[in-house]
Each structure stands twice: as C-alpha cells, then as structure tokens.
Amino acid sequence: MIFRVFEHEEELASFAADHLIETIRSNPNGLMCLATGSTPLLTYQLFVSRLREQRVDYSNFHFIGLDEWVGIPDSNPGGCHYFLQEHVLKPLVVKNKNYHLFNGLAADLRTECLTMDEQIRKWNGIDMMVVGIGMNGHIGFNEPHSNPDQHAYLADLTETTRQVGQKYFVEKTELSKGLTLGLKHFFESRQVLMLANGSHKADIIRRTISDPISMEIPATQIRRHQNAYLLLDTEAAAQLNDDHH
Ligand code: PGA
C-alpha cells in the first residue's frame with residue numbers, strides 16, 4: 001500500500017480524479033466500483049468534468065456501486081443508487097447496459113448479491129475500486145468482525161453505521177442491513193483507492209495504519225492489498241507521526 005497526504009481536500013480529489021481517468025484510458029472496456037458518501041463527492045465532480053473535457057472515450061467502460069442500504073428505494077436522495085445516478089451516471093450519460101447497482105428493495109436479497117457477483121465476472125473483474133472509510137473502519141458495509149472471505153453479501157450493520165448513516169437522510173431512517181461487495185472483491189480488484197478527509201477521520205486513519213491487520217478494523221486490510229493507495233488530506237493524517245511516514 002502506498003499512502004499520500006495532500007495539503008487540501010481539493011488536491012486529493014484532483015489526484016484521485018486523474019487516477020480514475022487513467023484507469024479508463026488504460027482499459028476502455030474495464031470496470032470501476034464506486035463508493036458513495038461525503039468523501040468521494042469532490043473527486044467524482046472533477047472526474048466527470050475532466051473526463052468530458054478531455055474527450056476520453058468511456059462508451060464501453062462499466063461502473064458498479066459498492067453498496068446499498070436495504071429498504072431504501074432508488075428515489076431516496078440518501079441512498080447510494082440515487083447518489084451515483086446524480087453525481088456520476090447521469091452527468092456522464094452512462095448507458096443502462098454499462099452499469100449495475102444493488103437494488104435495496106429487491107425481494108430476494110441473496111439473489112441480488114449473486115447477480116452482482118455474476119455481473120462482475122461478466123465484466124472481467126474490477127479494475128479500480130474507490131472506497132471510503134467508516135468511523136468504525138468499515139469498507140463498504142464490511143463491518144468490524146465480519147467475515148472477509150465473501151463476495152457480495154447481505155450485511156448486518158453495526159450501531160455506529162446505523163447512527164452515522166442518518167446524516168445522508170432528511171428524516172430519521174431505519175437502517176439495519178446493507179448489500180455490499182465483500183472483501184474478496186476488494187482483494188481481487190486490480191487497484192484500490194481509499195480516500196479519507198477531515199479531522200473526524202484522523203483517529204481511524206491512525207489505527208488503520210498502525211493497528212495490527214485484523215477484522216477489528218476492516219480498513220487495516222488495505223495494507224495487504226498489492227496495489228492500493230490510501231489518499232489523505234492533512235486533517236485526516238493529523239495523528240500520524242514521522243514513523244508512519
Ligand atoms: P463518508 O462515509 O464518506 O460519508 O464519511 C464513508 C464510509 O462510511 O465508508
């Protein structure tokens with residue numbers, strides 16, 4: 001794992017956006033997995049505008065969503081589906097056949113996971129996975145003490161995730177389960193970008209880098225990935241010392 005600290009969030013987002021564009025240039029038929037949340041928003045805005053400005057051909061490129069809250073419809077602005085539509089898929093006019101998102105209202109949630117796995121196989125595996133980091137160190141909905149040996153699955157959400165997740169929704173929302181790519185997908189992904197910004201992430205970032213690698217903090221698993229970047233702004237990196245650098 002390589003980690004880089006940027007002075008401001010804007011520089012982090014600029015670096016990440018260029019990196020995503022490079023992924024498309026090097027494999028125009030490839031597949032990118034996108035996280036949602038506050039962290040990647042600026043990265044996606046720059047990614048979308050530069051991809052268009054630079055006239056990169058992404059007409060055969062594919063996108064999937066990392067996760068989704070169970071019970072949240074596509075039309076709810078707090079959901080992952082809505083976020084990716086709004087910030088990436090609609091602005092880029094990505095064709096239906098080129099993306100696949102979890103349906104949080106699926107009648108059969110296990111089939112929903114198998115369908116995601118099958119889609120990833122069909123698109124020849126994930127070239128780039130963009131992830132954030134939860135306040136408890138989760139990756140997607142891979143929560144502390146979950147089983148890392150899984151592809152897509154139905155996850156039970158921890159109390160922290162249920163509480164923190166309220167920030168995306170206008171009204172108090174019952175959040176107890178999520179659909180998520182598992183850490184097997186994370187390790188199989190040819191490249192990973194993990195992004196974190198803001199002082200509220202400083203403690204979990206220090207632990208991600210210096211605690212033992214274990215499922216107590218799933219994000220520590222990034223240190224086992226062969227081709228991963230951890231991109232931080234100075235606020236998120238504030239508790240790292242010279243030993244870490
Ligand atoms: P955030 O969420 O980007 O809104 O902080 C990160 C996460 O829970 O993975």
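No hydrogens, no waters, no symmetry mates; every other heavy atom, side chains included, goes into these values. Order of appearance sets the numbers: ligands from 1, and atoms from 1 within every ligand.
Taking 4.0 Å as the cut-off, H138 counts as a neighbour of ligand 1 on heavy-atom distance. Distances shorter than 4.0 angstrom occur between a heavy atom of K201 and an atom of ligand 1.
For atom 4 (O) of ligand 1, the nearest protein heavy atom (residue, atom name, distance) is Y168 OH, 2.5 Å. Nearest to atom 6 (C) of ligand 1 among the protein's heavy atoms is I133 O, 3.5 Å.
For ligand 1 and K167, the ligand atoms under 4.0 Å from any heavy atom of the residue are 1 (P), 4 (O), 5 (O). Listed by number with element, the atoms of ligand 1 under 4.0 angstrom from any heavy atom of G37 are 3 (O), 4 (O). Within ligand 1, the atoms closer than 4.0 Å to a non-hydrogen atom of T39 are 1 (P), 3 (O), 5 (O), numbered from 1 in the order shown.
Defined by atom type and a distance below 3.5 Å, a donor-acceptor pair is present between the side-chain atoms of H19 and Q191. Using a 3.5 Å distance cut-off with no hydrogens or angles, the side chains of H81 and N76 do not pair a donor with an acceptor. R50 and S14 are linked by a side-chain donor-acceptor pair at a separation below 3.5 angstrom, with hydrogens and angles left out of the test.
A salt bridge links E86 with K90: at least one charged nitrogen is closer than 4.0 Å to a carboxylate oxygen.
Ring-plane geometry between F63 and F47 is classed as perpendicular, the angle between the planes exceeding 60 degrees on a 0 to 90 degree scale with a lower cut at 30.
For the pair T36 and ligand 1, the shortest N or O to N or O distance does not fall below 3.5 Å.
Other residues, nucleotides and ligands place no more than 12 heavy atoms under 6.0 Å from the CD atom of E171.
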